[in-house]
Amino acid sequence: MSRIAARFGALREQGRKALIPYITAGDPQPDVTVPLMHALVEAGADLLELGVPFSDPMADGPVIQAACERALKHHVSLTQVLGMVRRFRETDDQTPVVLMGYLNPIEVMGYAKFASAAHDAGVDGVLTVDLPPEEAHELVDSLKASQLDPIFLAAPTSDDERLRRMAECGSGFLYYVSFKGVTGANRLDIKSVQQKLAQIRANTNLPVGVGFGISDAESAAQVAEFADAVVVGSALVKRIAALANRPEDIAGQAPAIIAEMRRAMDDVAVTAVR
Amino acid sequence: MVMQAKHAAESVSLKDLPDANGHFGPYGGRFVAETLMGPLEELRLAYQKYAKDPDFQAELDADLARFVGRPSPLYHAERWSRKLGGAQIYLKREDLNHTGAHKINNTVGQALLARRMGKKRVIAETGAGQHGVATATVAARFGMECVVYMGAEDIQRQAINVYRMRLLGARVVAVESGSKTLKDALNEAMRDWVTNVDDTFYIIGTVAGPHPYPAMVRDFQAVIGREARAQILEQAGRLPDALIACVGGGSNAIGLFYPFLEDSDVAMYGVEGGGEGVETGRHAAPLCAGSPGVLHGNRTYLMEDRDGQIIETHSVSAGLDYPGVGPEHAWLKDSGRARYVAVTDSQALEAFHELTRTEGIMPALESSHALAYASQLAPTMDKDQIVVINLSGRGDKDIHTVAALEGIEV
């Protein structure tokens with residue numbers, strides 16, 4: 001069983017929901033990332049999403065665009081990101097790590113070479129924002145051959161047929177993009193997300209994570225009531241950006257928002273169990 | 001070269017591409033966030049329906065004739081041909097279209113499609129501002145809300161076109177991310193589209209982007225080649241030996257080439273922006289010096305570093321200053337049907353002056369790249385051979401750039 005499936009299985013038994021923070025690797029500078037990953041786990045993260053910086057992050061809002069730019073000032077490459085995961089694994093072989101990014105860096109490295117290097121580094125899943133299932137066969141084959149979970153994005157515009165197709169070629173979990181828009185926008189509508197999740201669950205048995213627009217403990221707790229996982233990106237990256245001039249404080253201070261979300265989500269879980 | 005072209009035309013039916021999934025060989029496709037997959041399919045179906053609808057085609061033809069001013073003339077540049085001492089050069093005068101370039105052929109087509117699809121808001125990306133102006137123009141004509149995304153750097157360089165767009169009622173949004181140029185404007189337009197996809201039609205300006213854009217924009221621009229083919233047959237009694245067009249994203253080039261694809265004796269040359277020289281690395285020539293990758297919704301040749309990051313381009317011509325190229329060009333290159341070359345900024349400038357002084361036609365700096373290559377190719381050909389060049393736009397928009405380069409204050 002993959003680390004991702006094992007983690008979701010364990011959480012289900014405890015009646016808890018997964019909290020998945022996103023950070024851009026190398027933001028604001030490379031040496032911050034590994035200590036920050038450990039600190040996020042300490043603060044209550046169940047899985048980690050590590051963004052691979054890209055020069056043209058078409059699906060991201062201004063907060064994550066700026067994070068990519070800060071990382072790229074240090075020329076953080078896919079190879080370096082894999083090195084960060086390898087170092088993280090030296091002291092944490094339990095927390096699943098998902099790489100999130102755009103296809104081109106993977107395309108240039110080569111699918112098979114990337115998949116085996118990612119597996120060796122200790123990566124568990126790969127989410128490629130600009131790779132819909134129609135174009136994904138080759139990469140999915142390479143990932144699966146290296147025991148990596150291909151994770152797909154579902155959107156408000158995905159119909160049953162597309163959802164089924166994602167369920168077929170994806171594994172680990174399915175990531176539901178909560179609204180039409182880019183990361184970090186303030187458009188979360190809990191009701192419509194809840195309705196769409198029912199449709200998604202009718203088409204897949206995979207755990208469903210919800211991301212985009214979850215900005216505080218309250219929205220995290222609301223989403224946790226019906227989703228299997230809550231993904232938090234821009235809200236956390238904003239804290240990192242605010243500390244960009246004091247990189248030594250990032251691992252100590254930025255994860256506070258994750259701890260708050262963790263508490264709020266667990267309160268909901270406890271209430272639900274009662 | 002001609003032998004190679006013949007072989008390619010016989011072995012694959014180039015005109016039937018892309019396939020159902022928008023692939024030109026390994027290129028093209030749909031590499032976008034999931035949210036856009038549904039809307040792209042909706043667009044493909046609408047385009048497929050109206051491309052065969054006589055009512056839509058009649059409306060398009062009428063606008064091309066009376067609003068754009070088509071057909072554009074095919075002009076025999078006799079004095080320049082004599083000066084070069086080789087092949088006879090004919091210029092396809094897209095510079096005479098309304099708004100001064102070929103861009104409007106496509107924006108009229110897409111705006112008519114947007115109207116049929118019930119979209120009331122159009123958005124566009126622009127580099128030099130030509131596509132932005134062409135989009136703002138059709139938006140004004142059809143009473144649509146129009147937002148144009150333009151890199152903050154380009155806004156500085158192209159103040160007059162920014163003002164033209166505003167006069168036409170468009171909102172011009174400065175894009176401050178990345179390199180603040182055309183590629184970043186395209187990213188931002190995509191972000192707008194993904195956010196406002198229910199009521200918004202994204203008018204892409206070139207033959208790039210996710211399927212069906214490369215095929216759809218090509219079809220709207222193919223009017224150039226259809227006219228040119230009929231005109232040269234009428235004027236010279238035979239097909240040309242070579243076609244030449246500049247290639248940024250590649251819409252004017254594919255518009256000229258496409259109707260000739262099966263004429264295997266017609267050689268095709270796409271001319272990229274060589275900037276300071278391809279060997280210097282400061283250029284905009286992904287087909288000549290780039291490598292395949294995925295950007296802006298399609299797989300194609302890109303200017304990228306070894307980590308897969310997109311790198312900055314350099315060209316005197318803002319319309320060629322783009323790190324990618326339409327996927328059909330990538331395929332025409334690999335298949336050998338078309339050949340791609342680059343000319344430098346200074347060669348293009350020389351051609352700009354040459355045509356202006358010899359024929360009384362001031363070409364756009366983009367088109368000047370095609371002219372510069374013609375001035376190398378034509379002298380190697382016989383006097384009874386024929387070259388058709390796509391004069392894709394007029395040069396008025398560039399006079400400030402030309403003057404500045406020559407230290408003249410206008």
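Chain identifiers are assigned alphabetically (A, B, ...) following the order of the sequence lines, protein sequences preceding nucleic acid strands; residue numbering begins at 1 within each chain.
At a 4.5 Å heavy-atom cutoff, the contact between B/Glu188 and chain A is made by side-chain atoms alone. Using a 4.5 Å cut-off between heavy atoms, B/Ile311 does not touch chain A at all. Heavy-atom distances place the backbone of B/Arg306, and not its side chain, under 4.5 Å from chain A. With a 4.5 angstrom heavy-atom cutoff, A/Asp159 does not touch chain B via any of its atoms. The parts of A/Leu131 that come within reach of chain B are both its backbone and its side chain, each placing non-hydrogen atoms under 4.5 angstrom from that chain. Of the atoms belonging to B/Asp192, not a single heavy atom falls under 4.5 Å from chain A. At a 4.5 Å heavy-atom cutoff, A/Val52 makes no contact with chain B through either its backbone or its side chain. Using a 4.5 Å cut-off between heavy atoms, B/His296 contacts chain A through both its backbone and its side chain. Looking at A/Pro62, there are no atoms closer than 4.5 Å to chain B (heavy atoms on both sides), in backbone or side chain. For a residue to count as touching a neighbouring chain, one of its non-hydrogen atoms must lie under 4.5 Å from one of that chain's; by this rule A/Ala136 does not touch chain B. Using a 4.5 Å cut-off between heavy atoms, A/Leu72 touches chain B through its side chain atoms alone.
Applying the side-chain contact (heavy atoms from CB on, under 4.5 Å) test between B/Val194 and each of A/Val182, A/Thr157, A/Val177 identifies A/Val182 as the sole match. Under the side-chain contact (heavy atoms from CB on, under 4.5 Å) test applied with A/Met58, the options B/Leu36, B/Asn187, B/Leu295 reduce to a single match, B/Asn187.
No more than 12 heavy atoms of other residues, nucleotides or ligands lie within 6.0 Å of CD in A/Glu138, so this atom counts as exposed by the packing criterion. Counted within 6.0 Å of CD on A/Gln199, heavy atoms from surrounding residues, nucleotides or ligands total more than 12; the atom is thus considered enclosed. When the shell of 6.0 Å around CZ of A/Arg187 is examined, it contains more than 12 heavy atoms from other residues, nucleotides or ligands. Residue A/Asn245 places its CG atom among 12 or fewer non-hydrogen atoms of other residues, nucleotides or ligands, all under 6.0 Å distant. Under a cut-off of 6.0 angstrom, the local environment of NZ in A/Lys144 is crowded, with over 12 non-hydrogen atoms contributed by other residues, nucleotides or ligands.
Between chain B and the residues A/Asp130, A/Val108, A/Thr128, the most heavy-atom pairs under 4.5 angstrom are made by A/Asp130. Of the listed residues A/Met109, A/Glu69, A/Glu134, A/Glu107, the one with more heavy-atom pairs under 4.5 angstrom with chain B than any other is A/Glu107. Between chain B and the residues A/Pro53, A/Ser55, A/Ala185, the most heavy-atom pairs under 4.5 angstrom are made by A/Ser55. Counting heavy-atom pairs closer than 4.5 Å to chain A, the top residue among B/Met37, B/Met190, B/Glu304 is B/Met37.
Smallest separation of non-hydrogen atoms from B/Asn21 and A/Glu135: O-OE2, 4.3 Å. Here the closest heavy-atom approach between residue B/Val32 and residue A/Pro132 is recorded as O-CD, 3.6 Å. Across all non-hydrogen atoms, the minimal contact from B/Gly308 to A/Phe54 is O-CE1, 3.3 Å. Nearest heavy-atom pair across A/Val76 and B/Gln309 is O-NE2, 4.2 Å.
No side-chain donor-acceptor contact under 3.5 Å links B/Glu34 to the backbone of A/Ala154.
Rounded to the nearest 0.5 angstrom, A/Asn104 CG and B/Ile310 CD1 are separated by 5.0 Å.
Counting heavy atoms from C-beta on, the side chains of A/Arg162 and B/Glu41 never come closer than 4.5 Å. No side-chain heavy atom of B/Asp305 sits under 4.5 Å from any side-chain heavy atom of A/His75.
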